[in-house]
Amino acid sequence: MALRGQSCPSFLVPWAATLLLALGAERALALPEICMLCPGSVQDLFEVALYCKQTPELMLHSRCCLNQEGTIVGLDLQNCSLKDPGPNFPQAHTAVIIDLQANPLKDDLANTFRGFTQLQTLILPQDVSCPGGINAWNTVTFYTKNQTCQGQRNFCNSTGDQEMCPENGSCVPDGPGLLECVCADGFHGYKCMRQGSFSLLMFFGILGSTTLSISILLWGTQRRKAKTS
């Protein structure tokens, strides 16, 4: 009688393949440093976790809510004993919601959020002002232990100054209460007054010739000193 080799049930094959694929994706996902700034993970029933669980494509990892590309859309750093968010905080500039409550933060956070143009919900300790002030947000709500800055305003539309940027430039938001002027295509330089593309070849040519001239001058000076001595 022929012996039959033991085989894996057919229904386990696709399940195992899915598991291996998921594990491979998990390893390939490089977690940003800001997500591991302090121990623990995003706590259930808090705003970042609730936001992340509303969308099936989003995932909770350490202190972050990430999309499938690994981009930060939510960051929960509450109760991390932070005086400031730290040098890796700009990694979270794509975040839509950030929770920083229960931290001894310094009050002035304006420049900390430069580039955070997607931010719509920011939870802070009660004694820390919303970056950009109350005019940078649609709603500022105070609670017993924290405050929520909700709905970042486009400061380019809020200032009412049509001549803020030069004639060949345009205003773009740069975070809560922040903006910058960007030159239109074909313009560059001071107040966007120079027309045409910036010539790197000319720049490095002038820089190289200047450096060469100085080097020759120094070499000649050193040679004269050597002859006289």
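Predicted, not measured: the structure shown is a model, and the values here were computed from it. Residue numbers run from 1 in the order of the sequence given. Any value given below was found using the heavy atoms of this structure, including those in side chains, with hydrogens, waters and symmetry copies removed.
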If we only count heavy atoms from C-beta on, is the [X] to [Y] side-chain gap below 4.5 Å?
X	Y	answer
Leu179	Pro173	no
Gln91	Glu33	yes
Val73	Leu66	no
Ile34	Pro85	no
Thr139	Thr141	yes
Asp44	Lys53	yes

[Y] backbone acceptor or donor facing [X] side chain under 3.5 Å:
X	Y	value
Asp174	Glu180	no
Gln147	Val140	no
Asp107	Leu109	no
Asn157	Asn154	no
Asn103	Leu105	no

[X] to [Y] - nearest heavy-atom pair and separation:
X	Y	result
Lys191	Pro166	O-CB, 3.3 Å
Cys35	Ser62	O-CB, 3.2 Å
Thr94	Gln118	O-CB, 3.9 Å
Leu124	Ser129	CD1-O, 3.6 Å
Gln152	Gln120	N-OE1, 3.3 Å
Gln54	Leu50	CG-O, 3.1 Å

Query - Met193, CE atom: more than 12 neighbouring heavy atoms under 6.0 Å - result: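 It does not: Met193 CE has 12 such atoms or fewer within range.
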
Requested in this report: Could you tell me whether the side chains of Arg153 and Asn138 share a donor-acceptor contact shorter than 3.5 Å?
Outcome: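 There is such a pair between these side chains.
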
First locate atom [atom1] of [X], then atom [atom2] of [Y], and finally report the distance between them rounded to the nearest 0.5 Å.
X	Y	atom1	atom2	value
Asn146	Thr148	CG	OG1	5.5 Å
Leu100	Asn79	CG	CG	12.0 Å
Asn67	Cys64	CG	SG	11.0 Å
Asp99	Leu122	CG	CG	8.5 Å
Leu31	Arg63	CG	CZ	12.5 Å
Ile123	Gln126	CD1	CD	14.0 Å

**Report entry** Cys171 and Cys181 SG atoms under 2.5 angstrom apart
**Finding:**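 No, no disulfide: SG-SG not under 2.5 Å.
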
Among the clusters formed by ILVMFWY side chains lying less than 4.5 Å apart, do [X] and [Y] turn up in the same one?
X	Y	answer
Val182	Phe155	no
Phe142	Trp137	yes
Tyr51	Leu60	yes
Leu58	Phe46	no
Ile97	Leu37	no

**Report entry** Phe89: partners by ring-ring contact (aromatic ring centres under 6.0 Å, His included), with sequence neighbours left out
**Finding:**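 Partners of Phe89 by the ring-ring contact (aromatic ring centres under 6.0 Å, His included) criterion, ordered by chain and then number, come out as Phe113, Phe116.
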
Requested in this report: Decide yes or no on side chain to side chain contact (heavy atoms under 4.5 Å, CB included) for Leu82 and Leu77, but give the supporting numbers first.
Outcome: CA-CA 8 Å; Leu82 301 176; Leu77 294 180; 4.1 Å; yes

Query raised in the report: So which of Asn111, Thr117, Thr112 actually passes side-chain hydrogen bond (donor to acceptor under 3.5 Å, both in side chains) with Arg114?
Result: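 The single option meeting the side-chain hydrogen bond (donor to acceptor under 3.5 Å, both in side chains) with Arg114 is Asn111.
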
**Report entry** disulfide (SG to SG under 2.5 Å): pairs with one or both residues in residues 94-152, sequence neighbours excluded
**Finding:**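 Listed once each, the pairs are Cys130-Cys149.
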
Requested in this report: Would you sort out whether Val48 and Leu75 count as a side chain to side chain contact (heavy atoms under 4.5 Å, CB included), showing the intermediate values?
Outcome: CA-CA 7 Å; Val48 174; Leu75 179 64; 6.0 Å; no

Query - Qualifying residues under side-chain hydrogen bond (donor to acceptor under 3.5 Å, both in side chains), relative to Thr121, sequence neighbours excluded - result: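 Gln150.
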
